[in-house]
There are 2 protein chains.
Amino acid sequence: MTKKPVATAKGLPRRYFKEVRFRQIRALVELSRHRSFAATAAAMGLAVPSVWQQVRALEDEFGVPLVIASGSQLELTEDGALLVEIASPLVEGFESLKAVFADRQRHSPRTLRIVAPSSMLHGALRKPVAAFRRKYPEVRLTIIDLPSYAARELLEGGGADIGVIGIACDDPPMPQHHLWLLARYPFHLISPVDHSLAQAKRLSLIEIVKSPLVLASDTSSSHRQIRQVFEKAGLAHRMNVTTTATNRALLLDYVAIRLGVTICTSAADTRLPRPGPGECELTQRDVSTLFGHEEVFIVQRKGRHELPHVRAFREAVAAAFKK
Amino acid sequence: MTKKPVATAKGLPRRYFKEVRFRQIRALVELSRHRSFAATAAAMGLAVPSVWQQVRALEDEFGVPLVIASGSQLELTEDGALLVEIASPLVEGFESLKAVFADRQRHSPRTLRIVAPSSMLHGALRKPVAAFRRKYPEVRLTIIDLPSYAARELLEGGGADIGVIGIACDDPPMPQHHLWLLARYPFHLISPVDHSLAQAKRLSLIEIVKSPLVLASDTSSSHRQIRQVFEKAGLAHRMNVTTTATNRALLLDYVAIRLGVTICTSAADTRLPRPGPGECELTQRDVSTLFGHEEVFIVQRKGRHELPHVRAFREAVAAAFKK
DNA sequence: CTTGGTCATTAGGTAGAAACGAATGCAAAT
DNA sequence: ATTTGCATTCGTTTCTACCTAATGACCAAG
């Protein structure tokens with residue numbers, strides 16, 4: 001029975017054996033230092049036959065004797081000495097590879113690109129960012145201010161290392177990324193105190209859609225979620241979004257000058273601003289039974305390894321939200 | 001059940017796994033060129049998962065991501081680029097190792113050290129040496145003229161690459177060397193024609209030992225063999241070696257001026273010289289029944305690899321003797 | 001809006017390399 | 001004359017390098 005050769009994708013037999021191997025070269029170089037298989041093996045933490053075999057394999061490969069044992073003392077042949085001369089810089093370079101890399105890495109600049117909507121940056125992220133800046137002053141920090149959905153697209157394209165974004169319930173999944181839930185904010189309806197929606201006993205989507213709306217940017221998660229809710233109710237075509245703004249303070253300004261009502265989220269401790277000149281007083285009602293909650297995630301590309309400074313930032317953010 | 005760690009000679013577990021491997025580095029460097037696992041694998045003659053695994057192993061080893069796949073196109077991280085920058089000269093050096101070695105080897109001087117008794121050098125070896133000189137003019141040829149046993153000792157000490165020597169029957173074996181039998185020459189007794197040993201009906205050791213002897217150097221194989229024969233017969237103490245010489249012509253001269261008789265070997269076609277002035281005529285008798293034959297060998301250290309020019313010389317000598 | 005192709009990734013399996021211990025043999029030192 | 005230290009051979013075990021096949025994501029054209 002002949003041994004059947006294993007075919008590769010290309011129909012060729014495997015051929016990873018006939019080849020000069022680095023370990024063999026390393027063994028020879030060590031041998032040239034210690035001048036004995038026993039000493040070399042000890043120095044390399046190997047058994048004698050292993051070293052022996054590696055060196056003999058080299059001789060087979062190059063077709064010339066490299067060492068000869070005359071009595072107890074071992075000598076390199078001319079060819080052996082030549083090979084050592086050529087190869088020893090390579091061995092040294094390779095041995096020190098990890099150290100050199102670590103050294104160069106220490107001195108090469110680290111970067112961190114954070115993306116988040118401005119509300120996050122002004123709010124919950126302000127402290128973690130500042131703390132990170134203090135702890136890693138050498139890291140080049142890039143902060144990108146984008147509404148959630150735009151931020152998501154940036155992350156997916158590799159344009160940022162980490163993001164803190166809201167994700168609407170029916171947005172598609174992000175299979176390439178890790179998501180950690182940070183917070184759930186209920187949606188609130190904010191309107192002038194004298195608005196009919198502020199007075200109504202019970203709110204319904206039908207009632208709300210009749211009013212002109214002031215919403216966040218259409219690339220924000222809250223805008224998307226609200227639209228999705230109206231779509232499911234078959235009311236999307238009746239939405240009258242008069243204004244969009246990227247900023248909660250602006251939204252409230254527009255409501256105060258009666259451009260419409262807004263549906264947005266607020267952290268529990270957030271107070272409504274006092275009315276300025278020419279503005280009306282505002283009130284908010286919880287509409288989470290209709291619109292659910294906005295869910296905020298830390299988002300980061302999946303991968304085997306997380307750089308230490310990225311991890312530090314991620315944990316700082318998580319801790320800030322946990323309080 | 002815990003997996004039992006295999007203990008080495010030193011009681012430590014084997015540790016040839018946690019280590020940066022050369023192939024992994026090579027894969028990364030190739031990947032940096034082709035920018036895709038598929039293309040890299042094709043270029044290296046490997047399957048895609050092999051390359052993938054090698055690069056990921058590197059990432060594990062260095063603890064940082066080295067490449068990221070964003071969509072179809074693959075990108076090196078900063079760390080990956082750094083590692084490639086450091087390692088690619090090593091890879092190139094290693095890849096070209098064999099070629100560089102071959103090149104340097106071609107331009108580095110080859111040597112051949114031949115040892116043999118002068119009789120061989122003047123006789124059977126003259127033509128092979130000349131032929132070799134013509135065929136390999138660049139080889140530095142060292143010819144050492146020593147009697148057989150001295151030549152043997154030189155070979156055993158590594159002082160010569162190849163030897164053509166006689167070996168006496170009872171000389172110790174040479175386990176470290178290859179021996180090829182070239183010729184067997186019968187021993188002859190050469191004496192003046194009027195000597196009693198030339199006249200005697202039958203020769204015996206007893207008779208021969210009574211005569212003064214002219215022999216080759218005591219480090220020659222023939223001298224040793226003759227001495228061994230007399231020793232076995234218990235006659236060694238009665239040997240009266242009046243003269244030794246390293247050269248057959250000299251031996252015959254001494255016999256011709258009646259310093260004694262000689263026992264030596266001669267090729268079949270060798271004629272005795274005509275007597276000079278003041279010399280007597282000589283005659284020879286085959287004494288191989290008493291002293292056996294001198295056996296001539298090519299001797300060469302055992303080893304996996306024989307350099308081409310050495311082999312060429314060995315074969316030239318063998319051919320010269322075969323005729 | 002599916003669908004087919006191409007890519008990366010995971011999983012499972014096999015041949016071969018790389019290591020070991022033990023046994024042998026040579027040579028020098030005690 | 002032993003012992004000891006080394007190189008060498010042998011047979012076996014363990015680990016690696018590689019494969020194929022299957023899965024999943026993305027992209028471009030039907």
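Quick note on labels: first sequence line is chain A, next is B, and so on, each numbered from 1.
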Is a donor on one side and an acceptor on the other found under 3.5 Å between the side chain of B:H178 and the backbone of B:R301?
no
Using nucleotides 9-12 of chain D, report all nitrogen or oxygen pairs with the protein that are shorter than 3.5 Å.
{"from": "D:dT9", "atom 1": "OP2", "to": "B:R304", "atom 2": "NH2", "distance (Å)": "3.0"}

By nearest heavy atom, map B:A38 and B:P175 onto DNA chain C; which one lands nearer the 5' end?
B:A38
Using heavy atoms to find the nearest nucleotide of DNA chain C for B:V67 and A:V48 separately, return the residue whose nucleotide is more 5′.
B:V67
Validate the cation-pi geometry between A:R224 and A:Y149: distance from NZ or CZ to the six-membered ring centre under 6.0 Å, angle to the ring axis within 45°.
yes
Donor-acceptor contact below 3.5 Å, side chain B:E59 vs main chain B:L66
yes
With distance as the sole test, does B:T77 use its side chain to make a donor-acceptor pair with the main-chain N or O of B:P65 at under 3.5 Å?
yes
To the nearest angstrom, how far is A:R21 atom CZ from D:dA17 atom P?
9 Å
A:M174 has an atom CE; how far is it from atom P of D:dG24, in whole Å?
20 Å
Measure from CZ on B:F22 to P on C:dA18 and round the result to the nearest Å.
14 Å
Starting at atom NE2 of B:H177, determine the distance to atom P of C:dG25, rounded to an integer number of angstrom.
19 Å
Between D:dA7 atom P and A:E75 atom CD, what is the distance in whole Å?
13 Å
Side-chain contact check for B:A47: nearest option of D:dT20, D:dA25, C:dA18 is D:dT20
Measure NZ/A:K302 against C1'/C:dA8 and give the value in whole Å, please.
14 Å
Answer yes or no: is there an ion pair linking A:R152 with A:E156, defined by an N-O contact shorter than 4.0 Å?
yes
Residue that, paired with B:D161, satisfies side-chain hydrogen bond (donor to acceptor under 3.5 Å, both in side chains) out of B:H309, B:R314, B:R113:
B:R113
In whole angstrom, give the distance that lies between atom CD of A:E59 and atom P of D:dT8.
9 Å
Where the side chain of B:S50 is concerned, which of D:dA25, D:dC18, C:dA18 is the nearest nucleotide?
D:dC18
Starting at the 5' end of DNA chain D and moving along, which residue's nearest nucleotide shows up first, B:Q24 or A:Q176?
B:Q24
Figure out the CG/P separation between A:L46 and C:dG21, and round it to whole Å.
11 Å
Geometric class of the B:F22/A:F94 ring pair [parallel <30°, tilted 30-60°, perpendicular >60°]
tilted
Looking at C:dA19, C:dT9, D:dC18, which one has an atom nearest to any side-chain atom of B:F37?
C:dT9
